[in-house]
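What follows is a short report on a single structure.
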Amino acid sequence: MNRKQIRSLLTNPVKTGLTVAALALLSTSLLQAHEGGQHEPAMEISSEDSHAQHKAMMAEMKMDHSAHEDHAMATEGEDPHAHHKAMMSNMAGKDQVQRSSHDYKAPHLTMLNQNGEPVAIDKLLNSDKPVLVNFIFTTCPTICPVLSSTFSIVNRELAGVEDLSMISISIDPEEDTPEALQRYAKKFEARDNWSFITGSVEDSIQLQKAFDIYRGSKMNHEPVTYLRASADKPWTRLDGFPSSEQLVSEYHHMTMGH
Amino acid sequence: MSVINALLSAAFVVAIGCLPLTGQAGQATVQTETANPQPIGKQRTPDSATETGLVNRFARNQPSEGRSLFMTGQPSDGSSISVLSQGQSLPGELFACANCHRHSGLGTSEGGYQVPDITGPTLFAPIEVKQRELYAERTEGFYTRPAYTRDTLRMAITQGISSTGKTLSKVMPRYQLNDAQTDALINYLNTLDYSAPPGVSADNLQLATIITDDVSAEEKQALLSTLNQFVKEKNAQTRHEVRRVKYSPWHKDWQYDNYRHWELNLWELRGDPSTWFAQLQQYYDTNPVFAVVGGTSHQRWEPVSAFCEAQALPCLFPNTDLPPDTPGHYSIYFSAGMNLEARRVIYLLKKHSRYNKVIQVTGEDVRSTVAAETLARKVTSLSAPTVSETLSLSEYLNNPSLTSENSASTLYILWLTGPELKKLSAHSGLADATVILSSTLLNRQLDQIPGWLSEQSWLLHPYSLPGSTSQRIRSKTWLYARGIATPYERLQSNTYLALSVLTESMMHIRSNFSQDYLIERIEHMLENSPETSVYQRLSLAPGQRFASKGCYLIPLKKIDGSAEETRQYWAAPER
C-alpha cells in the first residue's frame, strides 16, 4: 500500500467502517513488514506487484461498499477464487504432463459451432463415443498454438477413426466469432469431426468452471486436455502439453478398455 | 517493540495521509501549443541514449530477413521453414518468435509459462540475480544463466539448448534454420534495444493528447480538467517514487528507477483532416512523445492513426466513434464505434432472414454517414438477398411514397440525432415498422426519442445499459472527490480509465521503455484491470485492438429489464 492509496482511502468518500477495516489491514501489513525484517522505512512500503489480481484486490479497498457490490455484479458468475487458482497453478511443474480423473458435469447450454449452428454443449460432450476436448482462443500467442498443433496432428493421424469427436472451446467468445473459429479451423486443417465452440461470455465461463479451467482472465489460462471413452466414464484430465503420440495412444488405450 | 513501532508508524502514515492534496501537488499542466515547446532545463533525449540505441531503433523497423523470420516465422522471400515442436515437424509460420516473445522481444507470461526476454542486450549479458545461496540452485537456468554467445544462441534456437547447457522448455520450438538465417535472426535480436526511446529522458516522460478543432470549448475543458488533475496527482506521487531509487534496498531498485515525471502535451489539430498528418509531424518533431493517450475528435480518427502507425507511436484509448475499420498495430480503441453498430445490424439480418429490405436514413453528423456506408457495404455480402437503400433525412421527408413500403420485411435504420428525429413526427407511416436507432447519435439521451416511436423501436447501444451506472463508480467517485464538474461524463470517465491503464502498464514495463512492450502489457492486463467503464466489458489479447467488442440491439421498452432479460440482446458481431 503506497501513499497515494492511503491518501485516497482518506480523501474518497469511504464509509467509516471500511476505512477502519482498511487501517486495521494497513497496520497489519506494517507489522508484517517490520517483523519480516525489511529495512525499508514504514512509509516506503511498496505496492509494486506484477499480479494484476493483487492490485484488483487492493484497489477494491479504495471503492465504497456499493461499488464493491456492483463490481461483483459486473463480473457476475465468475469464480471469486479464480485468481488464487491461477497463482497456485503457476507453481506446478511445467514440462511434465499431470494426469487426473474427474466427474465433470457439462451444463445445459446452447452454444454455437464454427458454422454458426446452435449446439447443445452437454449433448456434444456427453457422447457415448470417445471425445477429446480442450479450451483455446484464436489470438492466444503461446499455449494454444501448441495445443492446436497437437490436436491437428491427432486429427490427421486418427482420420480413419470414425467415432472420435474433437472439441475446442473458446475462452474468448466475443473475439472468437464463428467466422473467426472457421478461419482458425482452416489454419489447423481441421476435419469434420473437430468442432470449435463459441457463445456468450457467460456461457463460456460457466463451461470453463464446470471443467475447472476458469482462471479469471484468458491470459492466465493453462494447457489442459480432457478425454473420455464415453459418457458413463469419468473424464481424464491432462495438465501440460501431451504430445500427439501420447494422445493417440491415450485414445487407443481408452477405446480398447471400452 | 516491533508492535509499538508499527502502530506509531501507522499513526504517522495516517497523519501524512490527511495532508491536503495541494501540499503534494507537482506542477503538471497540459502544455498548449502556445507554451514554449522547448522548456529550458528539460532534456529531450535520455542520458543513456547511445548512438547504438538510435541506430537500432531505426534498423529494427526496416524490412530484413531477420525481421521477417522473427515477425512471421517465414523467410522474407515468402518460402517456409519448419520447426520441431514436441518432435513433430510443423510450419514455421505457426510459431513466429514474435507470437510468444512478442514484437518487443521482451517476453510475456501465460498461464504460468514465462516467456523470457530475448532482446540482444539481455541475451548477450549474463543473468545474475542477487539471490541468497539457498535459492541459487533452484532458480538456475531461468533466473540466472551465463551470457549467450552467437554460438550458444544458435544452439538455443536450433537445438533448444540454453547457455547453461540445459534443455529449454518444450514450449520453445526448435527452429530448422540454416546458418545464414540464424545469423540474420540474431542480428535482428540485436536491434531490439530500447536504450534510446523517444520522449523519455532521465527525468521525464513525454505524452501527448490530441484534440481536434470540432470539439467544443466546454468539452475540451472537461477533458483537460480530468487529464490535468490525474497527471498532477501522478507526478505528486512520482516525486517520492524517484526518491525511493536512492534509498530503496538493493533488491527494490529495479522497481523504482523507471519512474519519470509525466509531461502531457496538448496537440491541437486544426482545419482539414488531410493536413493533420503534417501538423502531427510538426508537433512530434518539435517534441517527440512516448505515447498518445486519450484525446477526442468528432471526425474520422484515421489521419491520426495513420501518423501513429508511421511513427510506431502508441495511441491509447482516444475518444472516437469513428476509428478506422481495420486498426493498425499501434492504436488501441475502446470500441469500433459506429462500425460496430453497423455490424450489429448485419448480425441481426443474418439471424432473422425475414428482412429483405433495409432503408437507412442519414443525418448531418459524419458518424451517421459512416455507419450507413459500412452497413450498405456489408449488406451486399449477406447470403440472403437483401436490398439496401440509403437516403438523407431531407430526401426521406420529401418522398412520401417510401412510407408506404412499410412491411414486416423492411427494416428502418434511422442514423439520426435527437433534434433530427423530431422532424419525423409527421411521418406516421413508420408507426408500424421496425425501426432501429443509435444511442451514440442520440448522445445516449433516450428521452429525445419521440413517444410515437418508442413502442416499436430498437436501440443500438454499445455500452452498459443506462440502469447500470454503478459500473462507472470508480471514475465518478474519483471525479467527485476532486470537485471536477462532469458535463461530459463518458468522455471524462474514459479519460480517467485511459490514464489509469497507462499508469499501471508503465509500472509493468519498468525500465524497458519499449513502445511495443507498452502495447503488449496493456493487451495482457486490461481484462484483469479493476477499472470499470461505460462499456460492458473491456478485454484485449495479442493483436486485438478494440477492447469492447459487443453491442446491444434491444427493444426500447426492454431497456430497464434485469441482466438476465437483457443479456440476450447483447452480441459481438463478426468484423
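Heavy atoms only, all atoms of each residue included: B/Gly550 and A/Glu174 are closest at N-OE1, 4.1 Å. B/Leu94 and A/Ser149 get closest at one heavy-atom pair: CD1-OG, 4.2 Å. Summarising the geometry of B/Glu110 relative to A/Cys140, their closest heavy-atom pair is OE2-SG, 2.9 Å, with the distance given to 0.1 Å.
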Hey, mind stepping through A/Asp172 and B/Gln544 against side chain to side chain donor-acceptor pair (under 3.5 Å) and telling me if it holds?
CA-CA 11 Å; A/Asp172 186 16; B/Gln544 297 184 12; 2.7 Å; yes
Determine, stepwise, if the pair B/Gln88 / A/Ser244 fulfils side chain to side chain donor-acceptor pair (under 3.5 Å).
CA-CA 8 Å; B/Gln88 294 282 346; A/Ser244 52; 2.9 Å; yes
May I have the step-by-step check of side-chain contact (heavy atoms from CB on, under 4.5 Å) for A/Met219 and B/Asn528, ending in yes or no?
CA-CA 9 Å; A/Met219 301 309 287; B/Asn528 263 338; 6.0 Å; no
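Heavy-atom distances place the side chain of A/Ile153, and not its backbone, under 4.5 Å from chain B. A/Pro178 does not touch chain B: none of its heavy atoms, backbone or side chain, sits under 4.5 Å away. Interface remark: B/Leu526 contributes no atoms to any contact with chain A (heavy atom separation under 4.5 Å). Using a 4.5 Å cut-off between heavy atoms, B/Phe546 does not touch chain A at all. The contact between A/Ser243 and chain B is made by backbone and side chain atoms together, counting heavy-atom distances below 4.5 Å. Looking at A/Thr150, the atoms closer than 4.5 Å to chain B (heavy atoms on both sides) all sit in the side chain, from C-beta outward. At a 4.5 Å heavy-atom cutoff, the contact between B/Leu90 and chain A is made by side-chain atoms alone.
Considering CZ of A/Phe241 and OG of B/Ser85, their distance stands at 8.5 Å, rounded to 0.5 Å.
Residues in residues 140-153 of chain A take part in no salt bridge (Lys or Arg N to Asp or Glu O under 4.0 Å) pair, two or more places apart or across chains.
Contacts between residues 568-575 of chain B and chain A, counted as heavy-atom pairs separated by less than 4.5 Å, involve B/Trp570, B/Ala572, B/Pro573, B/Glu574, B/Arg575. At a heavy-atom cut-off of under 4.5 Å, chain B is reached by no residue from residues 112-119 of chain A.
Counting heavy-atom pairs closer than 4.5 Å to chain A, the top-ranked of the candidates B/Pro173, B/Pro91, B/Ala541 is B/Ala541. In terms of heavy-atom pairs under 4.5 angstrom with chain B, the leader among A/Pro145, A/Ser152, A/Ser200 is A/Pro145.
No donor-acceptor pair closer than 3.5 Å links the side chain of B/Lys170 to the backbone N or O of A/Gln96.
The residues A/Glu179 and B/Lys350 are annotated as salt-bridged, a charged nitrogen and a carboxylate oxygen being separated by less than 4.0 angstrom.
The closest side-chain heavy-atom distance from A/Thr142 to B/Asn99 is not below 4.5 Å. A heavy-atom distance below 4.5 Å is found between the side chains of A/Lys218 and B/Ser539.
For A/His221, the ring pair (Phe, Tyr, Trp, His ring centres under 6.0 Å) criterion is met by A/Phe137, not counting sequence neighbours.
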